[in-house]
Amino acid sequence: GDQASSIAVPLGLTGRTLNIAGNADLEFTGWILNLVGGRTVFENSNVITDVLVGARFLDLDAQTNLRLDALGRTKAISVNLSGNVWDGVVGLKGKIKLTPQWLLPFYIDAGAGQSKFTWQASAGVSYAYSWGNVALLYRYLSWRYKSGGALRNLNLGGPILGVVYHF
């Protein structure tokens with residue numbers, strides 16, 4: 001935002017402090033694309049499990065703008081990071097039927113490629129209607145990047161509310 005904050009920095013042996021005011025803005029945008037296909041490997045009246053194989057694409061853009069004011073001088077610093085990675089993934093997805101209407105869907109995958117390691121998992125609850133399903137899930141994604149880049153790790157997580165229409 002545009003709010004300025006100040007910090008006090010000790011100046012060596014003088015015992016005096018220097019007040020530095022500043023503000024910082026961070027803009028972070030990205031795309032995640034999962035392309036997977038699967039085959040059912042286990043099914044009974046209560047559980048369905050599929051094996052998955054595919055790829056995950058991550059595209060990130062991050063920009064940081066920092067402005068510092070001290071001793072009547074202003075210093076502006078901008079840092080831009082951007083890049084993308086493709087990774088192959090393998091995983092499992094399925095659902096556990098509690099009743100004909102209430103389901104516990106789950107998904108987990110892991111892989112590597114241009115990143116050192118990536119994985120994701122989601123689980124939650126779903127209710128089946130005659131026309132489709134409504135689901136509330138929690139999803140977590142993680143990447144560990146290979147050394148040498150500006151970004152080392154990325155972790156994202158949050159709730160998902162989804163509607164699936166069957167036709």
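No experiment lies behind these values; they were computed from the predicted model shown.
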S.K.: Under a 4.5 Å cut-off applied to non-hydrogen side-chain atoms, are D50 and V41 in contact?
M.R.: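 No; the side chains remain at least 4.5 Å from each other.
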S.K.: Does atom CH2 of W31 have more than 12 heavy-atom neighbours, drawn from other residues, nucleotides or ligands, at distances under 6.0 Å?
M.R.: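 No, the 6.0 Å shell around CH2 holds no more than 12 heavy atoms from other groups.
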S.K.: Which label fits Y129 and Y127: parallel for a plane angle under 30°, tilted from 30 to 60°, or perpendicular past 60°?
M.R.: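 Y129 vs Y127 ring planes: perpendicular.
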S.K.: State, to 0.1 Å, how close Y107 and K93 come at their nearest heavy-atom pair, and which atoms those are.
M.R.: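 Here Y107 and K93 meet closest at CD1-CB, 3.6 Å.
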S.K.: Please report the interatomic distance CD(Q63) to OG1(T29), rounded to the nearest 0.5 Å.
M.R.: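 Answer for the CD-OG1 pair, Q63 versus T29, is 9.5 Å.
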S.K.: Can you name the closest pair of heavy atoms from S126 and N133 and give their distance?
M.R.: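 Closest pair (atom of S126, atom of N133, distance): OG-ND2, 3.3 Å.
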S.K.: For the atom pair CZ (R39) and CG (L52), what is the distance rounded to the nearest 0.5 Å?
M.R.: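 Interatomic distance, R39 CZ to L52 CG, rounded to 0.5 Å: 13.0 Å.
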S.K.: Are any non-hydrogen side-chain atoms of P105 and L137 less than 4.5 angstrom apart?
M.R.: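 P105 reaches L137 side chain to side chain.
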S.K.: Do the side chains of Q114 and W86 get nearer than 4.5 Å, heavy atoms only?
M.R.: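 Yes, at least one pair of side-chain atoms sits under 4.5 Å.
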S.K.: Does the side chain of R56 come under 3.5 Å of the side chain of N34 through a donor N or O and an acceptor N or O?
M.R.: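 Side chains of R56 and N34: pair found under 3.5 Å.
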S.K.: Could you check whether any side-chain N or O of D109 sits under 3.5 Å from a backbone N or O of A121, counting only pairs where one atom can act as donor and the other as acceptor?
M.R.: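 Side chain of D109 to backbone of A121: no pair is present.
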S.K.: How long is the span from the CG atom in N65 to the CD atom in E27, to the nearest 0.5 Å?
M.R.: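 N65 atom CG to E27 atom CD measures 8.5 Å (nearest 0.5 Å).
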S.K.: Is the closest side-chain heavy-atom distance between I96 and F106 below 4.5 Å?
M.R.: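 Sidechains of F106 and I96: in contact.
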S.K.: For residues N153 and R144, report the shortest heavy-atom separation together with the two atoms involved.
M.R.: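 For N153 versus R144, the nearest heavy atoms are OD1-CG, 3.0 Å.
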S.K.: Measure the CG-CG distance between D61 and L81 for me, rounded to the nearest 0.5 Å.
M.R.: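 Here the rounded value is 9.5 Å.
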S.K.: Show your working on side-chain contact (heavy atoms from CB on, under 4.5 Å) between R67 and N23 and close with a plain yes or no.
M.R.: CA-CA 5 Å; R67 195 189 95 220; N23 61 14; 3.5 Å; yes
S.K.: Would you check if there is a donor-acceptor pair between the side chains of S142 and N155 at a distance under 3.5 Å?
M.R.: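 S142 and N155 do have a side-chain donor-acceptor pair below 3.5 Å.
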S.K.: Hydrophobic clustering (ILVMFWY, side-chain heavy atoms < 4.5 Å, transitive) - are W102 and L104 grouped together?
M.R.: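 Same cluster: L104 reaches W102 through Ile, Leu, Val, Met, Phe, Trp or Tyr contacts under 4.5 Å.
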S.K.: Where is the tightest heavy-atom contact between L103 and T99, given as atom of each residue plus distance?
M.R.: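 Looking at all heavy atoms of both residues, the shortest contact is CD2-O, 4.2 Å.
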S.K.: Hey, could you give me the CZ/CD1 distance between R139 and I32, rounded to the nearest 0.5 Å?
M.R.: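 Going from CZ on R139 over to CD1 on I32, the span is 6.0 Å.
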S.K.: Without hydrogens or angle criteria, can the side chains of W143 and S115 be said to hold a donor-acceptor pair below 3.5 Å?
M.R.: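 No, because no side-chain N or O of W143 sits under 3.5 Å from a partner of the opposite role on S115.
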S.K.: Should F42 and V47 count as side-chain neighbours, where that means a heavy-atom distance under 4.5 Å?
M.R.: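 When only atoms from C-beta onward are counted, V47 and F42 do touch, with a gap below 4.5 Å.
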S.K.: Please say yes or no: joined through hydrophobic side-chain contacts below 4.5 Å, possibly via intermediate residues, are L58 and F28 part of one cluster?
M.R.: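 As far as the 4.5 Å side-chain criterion goes, F28 and L58 are connected within one cluster.
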S.K.: Is the shortest heavy-atom distance from the side chain of W119 to the side chain of L141 under 4.5 Å?
M.R.: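 Not touching, per the 4.5 Å side-chain cut-off.
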S.K.: Between A24 and L66, which heavy-atom pair has the shortest distance, and what is it?
M.R.: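 So the minimum-distance heavy-atom pair works out to CB-CD1, 3.8 Å.
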S.K.: In chain order, what residues pass the side-chain hydrogen bond (donor to acceptor under 3.5 Å, both in side chains) check against T74, with sequence neighbours excluded?
M.R.: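 With neighbours one apart ignored, the set is D69.
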S.K.: I'd like to know if V164 and W131 are part of one continuous hydrophobic network [Ile/Leu/Val/Met/Phe/Trp/Tyr, side-chain heavy atoms within less than 4.5 Å].
M.R.: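 The answer is no; the residues belong to distinct hydrophobic clusters.
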S.K.: Please determine whether side-chain contact (heavy atoms from CB on, under 4.5 Å) holds for the pair F57 and N84, giving the CA-CA distance in whole Å, both sets of side-chain angles, and the decisive distance to 0.1 Å.
M.R.: CA-CA 7 Å; F57 175 74; N84 55 58; 3.6 Å; yes
S.K.: List the atom of D87, the atom of G113, and the distance in Å for their closest heavy-atom pair.
M.R.: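 In this case the closest contact between D87 and G113 is OD1-N, 3.0 Å.
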S.K.: Could you give me the CA-CA distance, side-chain angles and deciding distance for I108 and Y140, then say whether side-chain contact (heavy atoms from CB on, under 4.5 Å) is met?
M.R.: CA-CA 10 Å; I108 187 164; Y140 188 84; over 6 Å; no
S.K.: In the single-linkage hydrophobic clustering (I, L, V, M, F, W, Y; side-chain heavy atoms under 4.5 Å), do V134 and V125 co-cluster?
M.R.: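 V134 clusters together with V125.
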S.K.: Indicate, with yes or no, if F117 and V85 share a hydrophobic cluster defined by side-chain heavy-atom contacts under 4.5 Å among Ile, Leu, Val, Met, Phe, Trp and Tyr.
M.R.: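 V85 does not cluster with F117.
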S.K.: Decide yes or no on side-chain contact (heavy atoms from CB on, under 4.5 Å) for T40 and T49, but give the supporting numbers first.
M.R.: CA-CA 6 Å; T40 300; T49 305; over 6 Å; no
